[in-house]
Protein chains: 2
Amino acid sequence: MTVVSAVVEGEAIGRRERKKLATRAALSGAALRLSVEHGVDRVTVEQIADEADVAVRTFFNYFSNKEEAIAAGDLATTVSLVEAFTGLPADEPLLDSLREAALLVVTGDAYRDRDRVEEMRAIRRAPALLPHLLAAYAEQERALSAAVASRTGTDAEKELFPDLVAATAMAGLRVVVQRWLAAPADELDGTRLAELVEATFAQLAEGLATPPPRR
Amino acid sequence: MTVVSAVVEGEAIGRRERKKLATRAALSGAALRLSVEHGVDRVTVEQIADEADVAVRTFFNYFSNKEEAIAAGDLATTVSLVEAFTGLPADEPLLDSLREAALLVVTGDAYRDRDRVEEMRAIRRAPALLPHLLAAYAEQERALSAAVASRTGTDAEKELFPDLVAATAMAGLRVVVQRWLAAPADELDGTRLAELVEATFAQLAEGLATPPPRR
DNA sequence: GGCAAAGTTGCACGCTCTGCAGTAATCGGT
DNA sequence: ACCGATTACTGCAGAGCGTGCAACTTTGCC
């Protein structure tokens, strides 16, 4: 069990661990706020460290670079797919739970907050951020794979299935969110986002067998 | 049409464009060789630029950082999924073509060359490379989405389907390759890689409905 | 209270990465 | 073949990044 999951599960951890998590959260929060304010490319590590009230050297104990911190801050504002998935009943079909978890993600506070959505759009205009967003998704994918393995009683070390399910679900959610965020501002409707998620998981459930009608 | 696809299709382009492509290839090839030799973290942009016989300043006209160049060099050694897909008959089921394309990728020269495979494993030990590998895959995913849209006669701007299919196929291929590369050295058998691809696309075709037996 | 482990931090320094501007190569028209 | 426009290469300066080392502080455990 990771420290984060210990916290999630309400288990006691020491002051040292709690302070580490607090510092990491302070840094990623500062990174997000300041990258929105100054731009991803222009914000400096020194500004982020100052805002989080730690030394620049300390910043690099937590993150490899500012983009990693920004991505962490951005993802922290949304409901985690793995947390949503883990909280659902284990006796329903797997893809149903993943669809429901994805719906919990996209109906969370972040995607309904217009300012937050506009920030998401703004920071994603910086090409330097994409690799680190993808890496952050990959981190969540690993956690989701473990949760799928636990749920299906399979050994993620031996079986490809949990990795494939996690990668597919994360890919589906990612393309939906990317498409929605890239839409014109008047189309940023929460209902449409949920509809895209439904359509995505419906397509996955039927094995991507039916393309939409030709234009 | 991009310059690269012009080249792929054998269309004439000028000396300037050809020299740009040659410079980019020289840089990414140098990046790969030198990162294998020195380590991803230790190789410098100056070493890469010198090896490619260009100025350091010129390096940054092509790549944002050395990791991006290394990822480009690494991917360039493998068959491109989109090229493989585009070369297949358009009248068979979509997922069948994607499976066949993925098989063409994993049965290409790169995955059968033990030295190349060992290089892949070595450079992937550097955490700093992962975000840029993922970004390079995302670039290939965009091209694949366009190819899927063209093949299914759908408008990738309007329909989510091509993006979803491309993201899913790339995710499936990625987890297979990642798993295979992470296996013990005596399990790096080409037949097993192809089997993993078959299993992956079989699972996708049936909508990930059946987990493997519980352990 | 004391010791070991872990975390913070300053410092020095090699390297990254960019904007600017001068120079060179390429392209297209005449 | 020449010429002008466009594009690419490159050196330079400099701001900022990112790391290893070591001193200091905090935390946990006995």
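So you know, we letter chains A, B, ... as the sequences are listed, proteins then strands, and number each from 1. Quick caveat: nothing in here was measured; it's all calculated off a predicted structure.
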- [ ] Just compare dT26(D), dC27(C), dG28(D) and give me whichever is closest to any side-chain atom of Arg15(B).
- [x]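 The nucleotide sitting nearest to the side chain is dC27(C).
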Open item on the list: Using OP1 and OP2 only, check whether a side-chain N or O of Lys20(B) sits under 4.0 Å from dA8(D).
Closed with: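 For dA8(D), OP1 or OP2 has a side-chain N or O of Lys20(B) closer than 4.0 Å.
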- [ ] Check whether any side-chain N or O of Lys19(A) sits under 4.0 Å from OP1 or OP2 of dT27(D), and answer yes or no.
- [x]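 The answer is yes; a side-chain N or O of Lys19(A) sits under 4.0 Å from OP1 or OP2.
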Task: Sequence-distant partners of Phe161(B), ring-ring contact (aromatic ring centres under 6.0 Å, His included), two or more places apart - done: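 None.
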Open item on the list: Tell me which pairs pass ring pair (Phe, Tyr, Trp, His ring centres under 6.0 Å) where either residue lies in residues 31-75 of chain A, with sequence neighbours left out.
Closed with: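 Qualifying pairs, neighbours excluded: Phe59(A)-Phe63(A).
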Task: Contact list for residues 121-151 of chain B, test ring pair (Phe, Tyr, Trp, His ring centres under 6.0 Å), sequence neighbours left out - done: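 Output for this query lists His132(A)-His132(B).
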Task: With sequence neighbours excluded, residues passing side chain to side chain contact (heavy atoms under 4.5 Å, CB included) with Ala171(B) - done: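 For Ala171(B), the residues satisfying side chain to side chain contact (heavy atoms under 4.5 Å, CB included) (neighbours in sequence not counted) are Ala167(A), Ala171(A), Arg174(B).
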Do other residues, nucleotides or ligands put more than 12 heavy atoms under 6.0 Å from [X] [atom1]?
| X | atom1 | answer |
| --- | --- | --- |
| Glu187(A) | CD | yes |
| Arg15(A) | CZ | no |
| Asp189(A) | CG | yes |
| Glu37(B) | CD | yes |

Between [atom2] on [N] and [atom1] on [X], what's the gap in Å once rounded to a whole number?
| X | N | atom1 | atom2 | value |
| --- | --- | --- | --- | --- |
| Lys66(A) | dG16(D) | NZ | P | 10 Å |
| Leu21(B) | dT26(C) | CG | C1' | 15 Å |
| Phe59(B) | dG19(C) | CZ | P | 16 Å |
| Glu68(A) | dG18(D) | CD | C1' | 13 Å |
| Glu17(A) | dT26(D) | CD | P | 18 Å |
| Asn65(A) | dC15(C) | CG | C1' | 15 Å |
| Arg18(A) | dA6(C) | CZ | P | 18 Å |
| Tyr62(A) | dC17(D) | OH | P | 19 Å |

TODO: Please round to the nearest 0.5 Å and tell me the distance separating atom CG of Leu134(B) and atom CG of Leu133(A).
DONE: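 Going from the CG atom of Leu134(B) to the CG atom of Leu133(A) covers 11.0 Å.
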Task: From CD (Glu67(A)) to CD1 (Ile123(A)), nearest 0.5 Å - done: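 Reported value, rounded in 0.5 Å steps: 11.0 Å.
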Open item on the list: Please list, in numerical order, the residues of residues 22-45 of chain A that have a heavy atom closer than 4.0 Å to any atom of DNA chain D.
Closed with: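 Result for residues 22-45 of chain A: Thr44(A), Val45(A), sorted by number.
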Task: Residues from residues 124-136 of chain A lying under 4.0 Å of DNA chain D - heavy atoms - done: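 DNA chain D contact set from residues 124-136 of chain A: none.
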Task: For Lys158(A), all residues meeting salt bridge (Lys or Arg N to Asp or Glu O under 4.0 Å), sequence neighbours excluded - done: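 If we apply the salt bridge (Lys or Arg N to Asp or Glu O under 4.0 Å) test to Lys158(A), skipping adjacent residues, the hits are Asp155(A).
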- [ ] Using five base pairs at each end, measure the axis-to-axis angle across the helix from dG1(C)-dC30(D) to dT30(C)-dA1(D) and round it to 10 degrees.
- [x]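 About 40° separates the two local helix axes.
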Pick out the pairs of N or O atoms, protein on one side and nucleotides 10-14 of chain D on the other, that lie under 3.5 Å.
from: dT10(D); atom 1: OP2; to: Ala55(B); atom 2: N; distance (Å): 3.1
from: dT10(D); atom 1: OP2; to: Thr58(B); atom 2: OG1; distance (Å): 2.8

Side chains of [X] and [Y]: does their closest heavy-atom pair fall under 4.5 Å?
| X | Y | answer |
| --- | --- | --- |
| Thr200(A) | Leu173(A) | no |
| Glu159(B) | Thr152(B) | no |
| Leu160(B) | Trp180(A) | no |

- [ ] Not counting sequence neighbours, list each pair that qualifies as a side chain to side chain donor-acceptor pair (under 3.5 Å) and has a residue in residues 111-122 of chain A.
- [x]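 Matches after skipping sequence neighbours: Asp74(A)-Arg116(A), Thr77(A)-Arg116(A), Asp109(A)-Arg112(A), Arg116(A)-Glu119(A), Glu118(A)-Arg121(A).
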Solution key, residues 19-28 of chain A side-chain donor-acceptor pairs under 3.5 Å, sequence neighbours excluded:
from: Thr23(A); atom 1: OG1; to: Lys19(A); atom 2: O; distance (Å): 2.9
from: Ser28(A); atom 1: OG; to: Arg24(A); atom 2: O; distance (Å): 3.1
from: Ser28(A); atom 1: OG; to: Ala25(A); atom 2: O; distance (Å): 3.3

Enumerate the protein-to-nucleotides 4-6 of chain D contacts in which both atoms are nitrogen or oxygen and the separation is below 3.5 Å.
from: dT6(D); atom 1: O2; to: Arg16(B); atom 2: NH2; distance (Å): 3.4

